Protein chains: 2
Amino acid sequence: MRLSTKGHYGLKAMFDLAQHYGSEPIPLKSVAERQNLPEYYLEQIAAVLRKAGLVKSVRGAQGGYILARAPGDIKVGDVIRAMEGPIAPVECVSEFEPAECDNADYCITRSVWARVRDSIIQVLDSISLEDMCRDSEKLRPHRDKPEV
Amino acid sequence: MRLSTKGHYGLKAMFDLAQHYGSEPIPLKSVAERQNLPEYYLEQIAAVLRKAGLVKSVRGAQGGYILARAPGDIKVGDVIRAMEGPIAPVECVSEFEPAECDNADYCITRSVWARVRDSIIQVLDSISLEDMCRDSEKLRPHRDKPEV
DNA sequence: AATAATCCCGAGTATTTTGGTCTGAATTAT
DNA sequence: ATAATTCAGACCAAAATACTCGGGATTATT
């Protein structure tokens with residue numbers, strides 16, 4: 001019942017970009033440093049996010065990544081689906097393309113997993129990156145200057 | 001975000017035993033056949049369930065397994081925890097022994113995963129094997145016996 | 001024009017996990 | 001004695017995981 005690091009790191013990266021939304025492109029290197037993620041690995045993750053249309057890239061010096069949409073328009077579920085595929089505790093209740101199952105109609109364990117899936121989806125799709133940024137502001141200890 | 005087959009098969013096996021609760025011990029072979037599970041693999045799964053105190057075994061001919069408690073006293077969450085370990089989408093929000101995290105207090109992604117974890121736990125711990133048996137009765141197509 | 005900072009692509013890889021199978025021993029009803 | 005079981009543990013192939021790395025393409029800056 002574990003998320004892979006792709007989903008884990010992917011969300012951290014997206015959260016980082018959300019916190020910088022509106023400014024210049026953010027290079028992966030700085031994302032990796034702030035979020036404490038392996039830089040080279042993050043490149044792969046960014047590629048997935050870009051192909052999913054969640055971020056845009058700017059190549060060359062002073063380049064980097066920016067969110068493709070406003071933080072309020074990107075849900076945690078979007079990020080996780082991009083990184084991990086359809087949400088499904090077991091294949092036979094996958095959101096999309098549920099695997100065939102001999103006796104799906106009468107399989108009770110299946111209905112249990114469907115309930116788990118729905119409850120996960122409900123949480124993931126109810127939280128936007130903007131929500132996360134807002135919560136972050138509340139939690140962050142007060143300081144004189146914004147940390148860099 | 002997937003369950004391994006251990007959890008998946010484990011729940012199927014427990015459900016099967018719940019449906020036979022009160023009768024003689026059920027040999028794994030018949031569980032494997034009814035639930036369409038690999039028999040040898042099921043042996044391993046049964047060993048875990050036994051060590052977790054969820055089933056009791058009877059050795060020898062006419063032996064097999066029986067639930068260690070009434071179906072109403074065993075929650076899906078008990079089975080999944082036995083088979084998959086503590087429920088945790090990411091380690092740092094594990095139910096038990098949460099992994100240390102540098103900035104746990106201010107990590108927002110962490111709080112997202114905590115919410116996911118709680119929602120999963122809520123579902124898993126609200127469904128007992130008895131509930132599953134009851135639902136199964138409702139779903140099962142009518143046969144020669146009158147409905148209950 | 002040169003340089004450096006970036007993204008981009010794909011290969012390589014070590015380790016772990018997964019999902020089993022199989023052998024053989026111990027136990028017990030028949 | 002036999003057959004049906006659980007039980008313990010070794011063994012294994014394939015896939016997934018979590019990366020690293022090399023080198024090319026692009027672009028701002030100098």
Side-chain angles (χ1 to χ4, degrees), chain A residues 1-13 16-17 20 23-33 35-68 80 83-85 88-91 99, chain B residues 1-13 16-17 20 23-33 35-68 80 83-85 88-91 99:
Chain A
M1 239 4 202
R2 291 264 161 78
L3 205 68
S4 77
T5 54
K6 280 192 177 153
H8 193 178
Y9 295 175
L11 183 59
K12 284 197 172 195
D16 194 276
L17 294 182
H20 294 85
S23 65
E24 326 83 55
I26 311 295
L28 283 189
K29 188 173 183 182
S30 71
V31 174
E33 278 168 9
Q35 302 295 326
N36 196 27
L37 304 176
E39 186 183 342
Y40 287 129
Y41 193 32
L42 189 53
E43 281 190 7
Q44 286 186 192
I45 287 164
V48 176
L49 293 170
R50 183 174 51 84
K51 284 165 191 164
L54 293 173
V55 300
K56 287 179 178 172
S57 63
V58 179
R59 303 183 69 169
Q62 311 306 314
Y65 290 86
I66 54 177
L67 293 186
I80 298 308
M83 298 309 305
E84 306 260 338
V90 300
E91 269 200 20
Chain B
M1 244 355 208
R2 293 263 162 80
L3 205 68
S4 77
T5 53
K6 280 194 176 148
H8 192 179
Y9 295 176
L11 182 59
K12 285 196 172 196
D16 193 275
L17 293 182
H20 294 84
S23 63
E24 327 82 55
I26 311 294
L28 283 190
K29 188 172 183 182
S30 72
V31 174
E33 277 169 10
Q35 301 295 326
N36 197 27
L37 303 176
E39 186 183 342
Y40 287 130
Y41 193 30
L42 189 52
E43 282 188 6
Q44 284 186 192
I45 289 165
V48 176
L49 294 170
R50 183 173 51 84
K51 283 166 191 164
L54 294 173
V55 299
K56 287 179 180 172
S57 63
V58 179
R59 302 184 70 169
Q62 311 307 313
Y65 289 86
I66 54 177
L67 294 187
I80 299 308
M83 298 308 307
E84 307 258 338
V90 300
E91 270 200 18

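Numbers restart at 1 for each chain; the letters A, B, ... are given by sequence-line order, proteins then strands. Given the structure is predicted, the values throughout are model-derived calculations rather than measurements. Just so you know, these numbers use all the heavy atoms, side chains as well, and skip hydrogens, waters and symmetry mates.
Taking only side-chain atoms of A:Tyr9, from C-beta outward, the nucleotide of C:dT30, D:dC19, C:dC7 with the closest atom is D:dC19. Of the candidate nucleotides D:dT5, C:dT21, D:dG24, D:dG24 has the atom nearest to the side chain of A:Arg59.
When rounded to the nearest whole Å, the span between NZ of B:Lys12 and C1' of C:dG19 equals 15 Å. The CD1 atom of B:Ile26 sits 15 Å away from the C1' atom of D:dA4 (whole-angstrom rounding). C:dA5 atom P lies 17 Å from atom CD of A:Glu24, rounded to whole Å. In this structure, the CD atom of B:Glu33 is 14 Å from the C1' atom of D:dA4, given to the nearest Å. Rounded to whole angstrom, the span from the CZ atom of A:Arg2 across to the P atom of C:dT17 amounts to 10 Å. Taking atom CD of B:Glu91 as the reference point, atom P of C:dT16 lies 14 Å away to the nearest angstrom. Taking atom CG of A:Leu28 as the reference point, atom P of C:dC8 lies 9 Å away to the nearest angstrom. A:Glu39 has its CD atom 10 Å from the P atom of D:dT20, to the nearest Å.
At a threshold of 4.5 Å between non-hydrogen side-chain atoms, the residues B:Asp16 and B:His20 count as touching. No side-chain heavy atom of A:Pro25 sits under 4.5 Å from any side-chain heavy atom of A:Tyr65. With contacts defined as side-chain heavy-atom distances shorter than 4.5 Å, the pair B:Leu37/B:Lys12 qualifies. Between A:Val31 and A:Glu39 the shortest side-chain heavy-atom distance does not fall below 4.5 Å.
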N/O to N/O distances under 3.5 Å, protein versus nucleotides 8-17 of chain D:
from, atom 1, to, atom 2, distance (Å)
D:dA8, OP2, B:Arg50, NH2, 3.0

Nucleotide N/O to protein N/O under 3.5 Å, stretch nucleotides 1-4 of chain C:
none

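Each of A:Lys6 and A:Gln62 was assigned the nucleotide of DNA chain D with the nearest heavy atom; the assignment lying further toward the 5' end belongs to A:Lys6. Where B:Ser57 and A:Pro38 meet DNA chain D, the nucleotide closest to each residue was compared, and B:Ser57 sits on the side nearer the 5' end.
Note that the CG atom of B:Leu11 and the CD1 atom of B:Ile45 stand 11.0 Å from one another [nearest 0.5 Å]. Rounded to the nearest 0.5 Å, atoms OG1 (A:Thr5) and CE (A:Met83) are 8.5 Å apart.
By the side chain to side chain contact (heavy atoms under 4.5 Å, CB included) test, B:Tyr40 is found to be paired with B:Glu43, residues two or more places apart in sequence or in another chain being considered.
Side-chain atoms of B:Glu84 come within 3.5 Å of backbone atoms of B:Ser4 as a donor-acceptor pair (strictly under, hydrogens ignored).
For B:Lys56 against B:Ala68, the heavy-atom pair with the smallest separation is CG-CB, 4.1 Å.
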